[in-house]
Every structure is written in C-alpha cells, then in structure tokens.
Amino acid sequence: MSVSAPQAPARRITQVALVVRDYDEAIRFFTQALGFELLEDSPRPDGKRWVLVAPPGGGGAALLLARAVTPEQQRAVGNQAGGRVFMFLATDDFERDYRRMTANGVRFTEQPRHEPYGTVVVFLDLYGNKWDLIGPASPA
C-alpha cells in the first residue's frame, strides 16, 4: 500500500495594492503609458472604488489601485518600497514595450542592460515607484 503525501492547498496572489493619489490619473497612466487593461472599476458604498488593472494576456496578479486617504497612506504614495524596485513587469518583447513606454513619456532611470536572466531597465511609475521591465534572456 502506497501512501502519498498530502497535497498543499492551491494558492496564488491575485492582487497587489498600489496606493495612488487619484484613481483616474492612475488608470490613465497604467492603461495608456503601460498598455495595461482596465479589468474593473466599481464604486464602493464608502465612496472608494475597486479598480483593477493588469497587463494584457493575464497570467499574473492584477494591481488594485487604492486611493490614499489617511496622511500615512498619502506619505506612501510613490515610495511603497522605500526606494527599492517595487514591481517587476515581465515582457515577451522587450524592445516593443520599451519603445511604447518611451513614446508615452515613461521615465527611465537608466539605459537597458543585459543580465544573465534577461534584458532589464528600471522605470518609474507616475508617482515615482521603481519598476523593472524585464525581457527574456538572449539565446546563448
């Protein structure tokens, strides 16, 4: 008689909250400058909105755009990771997305560089949070 190990429960991260100053300006940045899709924009009874954006194609977590309300939340806008890279945006076509983002005014803090894991460049979202755009590694 064989005894199999119990399976771990299936879990995944579905959303990550990003504190924003204003819902509409954040929606514009993510959908226009980064080409994300607006998945949901629903009013909440407390005057807030449930706003989800994500890169097209699915397969990853969505961003929940959460409007800063308290002074503590307002201080976190643009500094959610204390100055470190906060988010990692993987792409199947680095050049396409880099060109699109550049044309749409996205601010980059460096020139693209080639690392063993792929082509990478650091960019800033509309509030100053740092992101990595990461493309696939070049074939050896």
Side-chain angles (χ1 to χ4, degrees):
M1 178 165 124
S2 122
V3 177
S4 61
Q7 286 191 342
R11 297 182 285 174
R12 61 190 172 96
I13 295 173
T14 59
Q15 290 118 20
V16 175
L18 180 67
V19 182
V20 301
R21 189 173 26 245
D22 177 81
Y23 292 117
D24 294 320
E25 72 181 4
I27 290 169
R28 272 191 305 278
F29 175 81
F30 285 101
T31 60
Q32 294 174 12
L34 299 188
F36 283 23
E37 296 175 341
L38 177 61
L39 303 177
E40 185 174 351
D41 185 357
S42 302
R44 308 295 297 171
D46 58 3
K48 295 179 184 177
R49 290 158 57 185
W50 185 260
V51 179
L52 292 173
V53 296
L63 286 179
L64 172 65
L65 303 180
R67 185 173 49 85
V69 177
T70 68
E72 182 180 13
Q73 292 169 359
Q74 291 167 351
R75 284 191 299 274
V77 172
N79 193 29
Q80 290 203 197
R84 294 188 58 112
V85 171
F86 178 54
M87 297 282 186
F88 300 83
L89 179 59
T91 176
D92 63 347
D93 187 334
F94 183 90
E95 287 303 319
R96 174 199 65 213
D97 290 332
Y98 180 70
R99 281 193 307 273
R100 175 198 172 92
M101 293 165 67
T102 300
N104 283 292
V106 173
R107 296 174 295 156
F108 293 90
T109 66
E110 62 184 6
Q111 292 298 309
R113 64 185 192 279
H114 300 284
E115 300 289 349
Y117 54 85
T119 304
V120 63
V121 67
V122 176
F123 69 94
L124 305 175
D125 67 21
L126 75 164
Y127 300 115
N129 292 299
K130 291 181 180 178
W131 292 58
D132 272 359
L133 176 65
I134 305 172
S138 301

Report yes if some heavy atom in the side chain of Val106 is under 4.5 Å from a heavy atom in the side chain of Phe29; otherwise report no. yes
In this structure, CD of Glu110 is separated from CG of Asp132 (nearest 0.5 Å) by 7.5 Å
Residues forming a side-chain contact (heavy atoms from CB on, under 4.5 Å) with Glu72, sequence neighbours excluded: Thr70, Arg75
Assess whether atom CD of Gln111 is packed by more than 12 heavy atoms of other residues, nucleotides or ligands within 6.0 Å. no
Using 0.5 Å steps for rounding, measure from the CZ atom of Phe108 to the CH2 atom of Trp131. 12.5 Å
What about Val16 and Ile134, same hydrophobic cluster or not, with Ile/Leu/Val/Met/Phe/Trp/Tyr joined at side-chain heavy-atom distances under 4.5 Å? no
Could you label the plane-to-plane angle of the Phe36 and Phe30 rings as parallel, tilted or perpendicular, counting under 30° as parallel and over 60° as perpendicular? tilted
Counting only heavy atoms not in Arg113, do more than 12 sit closer than 6.0 Å to its CZ atom? yes
Nearest-0.5 Å distance that lies between atom OH in Tyr98 and atom CG in Leu133: 9.5 Å
What salt bridge (charged side-chain N to carboxylate O under 4.0 Å, His left out) pairs are there with at least one residue in residues 41-60, not counting sequence neighbours? Asp24-Arg49, Asp41-Arg49
Are Tyr127 and Met87 joined in one hydrophobic group, where the rule is that I, L, V, M, F, W and Y side chains link up if heavy atoms are under 4.5 Å apart? yes
Hydrophobic cluster identity match, Tyr23 and Leu63, side-chain contacts under 4.5 Å: yes
Hey, what do you get for CG (Leu89) to CG (Asp125), rounding to the nearest 0.5 Å? 11.5 Å
Write down the atom of Val69, the atom of Gln73, and the distance for their closest heavy-atom approach. N-OE1, 2.7 Å
Output yes when a side-chain donor or acceptor of Gln80 lies under 3.5 Å from a complementary backbone atom of Val19, and no otherwise. yes
Between Arg100 and Gly35 the two heavy atoms that sit nearest each other are NH2-CA, 3.1 Å
Closest heavy-atom pair, Ala61 versus Gln15, reported as atoms and distance to 0.1 Å, is CB-N, 4.2 Å
I'd like to know if the side chain of Asp22 reaches the main chain of Ala26, judged simply by a donor and an acceptor atom lying under 3.5 Å from each other, with no hydrogens or angles considered. no
Could you report the tightest heavy-atom contact between Ala81 and Val85, atom names first, then the distance? CB-O, 4.3 Å
Can you measure from CG (Leu34) to OG1 (Thr91) and round to the nearest 0.5 angstrom? 11.5 Å
Transitively linked via ILVMFWY side-chain contacts under 4.5 Å: Leu52 with Leu18? no
To the nearest 0.5 Å, what is the distance between CG on Leu124 and NZ on Lys130? 7.5 Å
Same apolar cluster (I L V M F W Y, side chains within < 4.5 Å links), Phe123/Phe86: yes
